[in-house]
Asker: 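Following this message is one structure expressed as structure tokens.
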There are 2 protein chains.
Amino acid sequence: MLEVRVAQANDRMRPVEAPLPGDCVVLIVDDDDDFRETLGDLFTSVGLPSMAFPSTAALLKNGLPDKPSCMVLDLRMPGASGLDLQARLAEMGARVPVIFLTGYADVPTTVRAMKAGALDFLPKPVREQELLDTVTDALRRDHERRCSEDADAEVRRLAQSLTPRETDVLRGVSRGLLNKQIAFELGITEITVKMHRSSAGRKLRSNSVADLIKKVELLGL
Amino acid sequence: MLEVRVAQANDRMRPVEAPLPGDCVVLIVDDDDDFRETLGDLFTSVGLPSMAFPSTAALLKNGLPDKPSCMVLDLRMPGASGLDLQARLAEMGARVPVIFLTGYADVPTTVRAMKAGALDFLPKPVREQELLDTVTDALRRDHERRCSEDADAEVRRLAQSLTPRETDVLRGVSRGLLNKQIAFELGITEITVKMHRSSAGRKLRSNSVADLIKKVELLGL
DNA sequence: AGCAGACCGATACCAAGGTATGGATCGGTT
DNA sequence: AACCGATCCATACCTTGGTATCGGTCTGCT
């Protein structure tokens with residue numbers, strides 16, 4: 001797969017470096033119809049799927065896609081502003097990377113957006129390659145975040161089936177206590193501790209002490 | 001200790017909420033002599049020690065204090081700019097919280113500073129209470145960062161005395177392998193593995209498997 | 001040459017971990 | 001009433017972990 005680059009003008013045609021997770025989407029929120037279309041075409045030209053919304057309400061109504069995504073967000077819009085949406089997403093627990101795009105920004109607003117976790121803040125008119133670079137970086141980040149979160153979520157899901165007593169025992173294990181010490185603290189016998197411990201290990205699918213401890217650490221018990 | 005607040009004007013006189021670590025310092029870098037003095041007086045009035053420098057070079061020459069600190073930094077100065085200093089500190093590994101203070105900021109510069117990890121970006125003229133709040137927050141953060149880093153550094157220091165073979169064994173332990181499995185992988189006997197393992201445990205001051213695993217995780221072996 | 005330290009091994013012993021099997025109570029559900 | 005799951009206890013058995021004490025080789029440094 002030989003790639004010849006002849007001119008700067010062709011840059012937007014080059015494939016995205018790492019094809020990313022393959023399935024991802026760029027969410028565009030802007031009240032300007034023409035601009036939405038321009039952005040959509042830009043992303044399409046490099047093979048990035050995108051969805052466009054004319055307002056924050058429209059996006060929220062649609063809901064967030066369950067795949068790696070990032071948001072290209074206009075700061076000033078009729079109705080809820082970009083900052084509002086950012087705050088809304090944060091309290092919803094949706095940690096989609098947000099890239100602000102605006103023509104009329106002042107420094108305090110910029111600071112507020114960045115402190116709230118915005119990935120970048122680009123002025124309109126935007127340079128296409130800069131936007132594409134930022135977007136692909138954002139998609140990559142979101143993909144990685146999702147991967148690590150999935151692993152965590154799986155452990156948490158397994159942990160839901162733990163009985164109170166089992167978590168008591170696990171806490172002791174994580175603290176490095178001996179079975180007999182755990183037994184003393186809980187007022188039960190060492191044998192029972194072993195029972196709970198092996199039961200907990202089975203539920204968390206841990207075949208080693210090391211794995212068990214790491215999972216308990218992750219659960220924050 | 002009853003505190004009566006009668007007027008907004010007295011706000012700058014109220015003591016800092018959490019006395020912080022007791023010993024901390026605010027680093028002021030600004031080329032304006034009067035402004036440095038004004039800031040210094042402001043911090044003094046609330047009991048915050050501060051040091052002022054007329055340029056980034058002056059600060060670098062002096063070196064960073066080894067206690068919780070934060071930096072109040074002018075963006076535009078003759079010689080190296082605030083952004084330069086921020087980058088310089090970053091590559092030095094000094095993670096002092098930086099608060100930018102400037103009268104002439106544009107959005108791209110703000111974004112750059114925030115992406116580079118600035119804690120805040122306040123416009124001149126600055127509201128005193130806002131600056132004080134930001135500074136005390138920064139000092140608190142730096143204090144917490146130092147605490148956790150100290151614990152980590154201690155483990156890393158201890159880990160330096162580990163022999164290559166001992167780290168090999170620890171890697172196996174962290175992966176949840178049995179001693180005999182580690183022995184097989186390393187091509188040695190189980191007895192030798194036990195030896196290295198106990199030796200490593202002694203060096204890392206771990207009195208339990210759980211503790212050992214957590215420390216190995218921290219070391220990123 | 002002498003020494004320190006990393007590295008490897010063995011035997012022996014005891015403590016701890018882990019599993020299997022069997023049995024018990026209690027509270028809540030169907 | 002029958003059942004299930006959480007909790008608890010016990011005996012027995014084997015594996016693993018951990019330590020001590022003894023021994024050895026090799027490298028690098030003084």
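In what follows, chains carry the letters A, B, and so on, assigned in the order in which the sequence lines appear, proteins first and then strands, with residues in each chain numbered from 1.
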Asker: Any side-chain donor-acceptor pair under 3.5 Å between A:K214 and B:S174?
Answerer: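 Side chains of A:K214 and B:S174: pair found under 3.5 Å.
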
Asker: Please report the C-alpha distance between A:V72 and A:V29 in whole Å, then the side-chain angles of each, then the deciding distance to 0.1 Å, and finally whether the side-chain contact (heavy atoms from CB on, under 4.5 Å) criterion is met.
Answerer: CA-CA 6 Å; A:V72 176; A:V29 184; over 6 Å; no

Asker: Okay, side chain of B:E185, backbone of B:G172: is any donor-acceptor separation there less than 3.5 Å?
Answerer: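 Side chain of B:E185 to backbone of B:G172: no pair is present.
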
Asker: Is A:K67 paired with A:D23 through a side-chain N to carboxylate O contact shorter than 4.0 Å?
Answerer: yes

Asker: Take the C1' atoms of the five end pairs on each side of the helix from C:dA1-D:dT30 to C:dT30-D:dA1, derive the two axes, and give their angle rounded to 10 degrees.
Answerer: 30°

Asker: May I ask you to say whether B:R146 pairs ionically with B:D150, meaning some side-chain N is under 4.0 Å from a carboxylate O?
Answerer: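 B:D150 and B:R146: not salt-bridged.
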
Asker: Can you tell me the distance, in whole Å, between the CG atom of B:L204 and the P atom of D:dG18?
Answerer: 14 Å

Asker: Are any of the side-chain nitrogens in B:D84 or B:R88 under 4.0 Å away from the carboxylate oxygens of its partner?
Answerer: no

Asker: Give me the residues of residues 179-196 of chain B where at least one heavy atom lies under 4.0 Å from an atom of DNA chain D, by number, or none.
Answerer: B:N179, B:K180, B:K194

Asker: Does a side-chain N-to-carboxylate-O contact under 4.0 Å join A:R197 and A:E166?
Answerer: no

Asker: Find out whether A:S69 and A:L64 are in side-chain contact, i.e. whether some heavy atom of one side chain is under 4.5 Å from a heavy atom of the other.
Answerer: no

Asker: When the distance from CZ of B:R197 to P of C:dG17 is rounded to whole Å, what number comes out?
Answerer: 12 Å

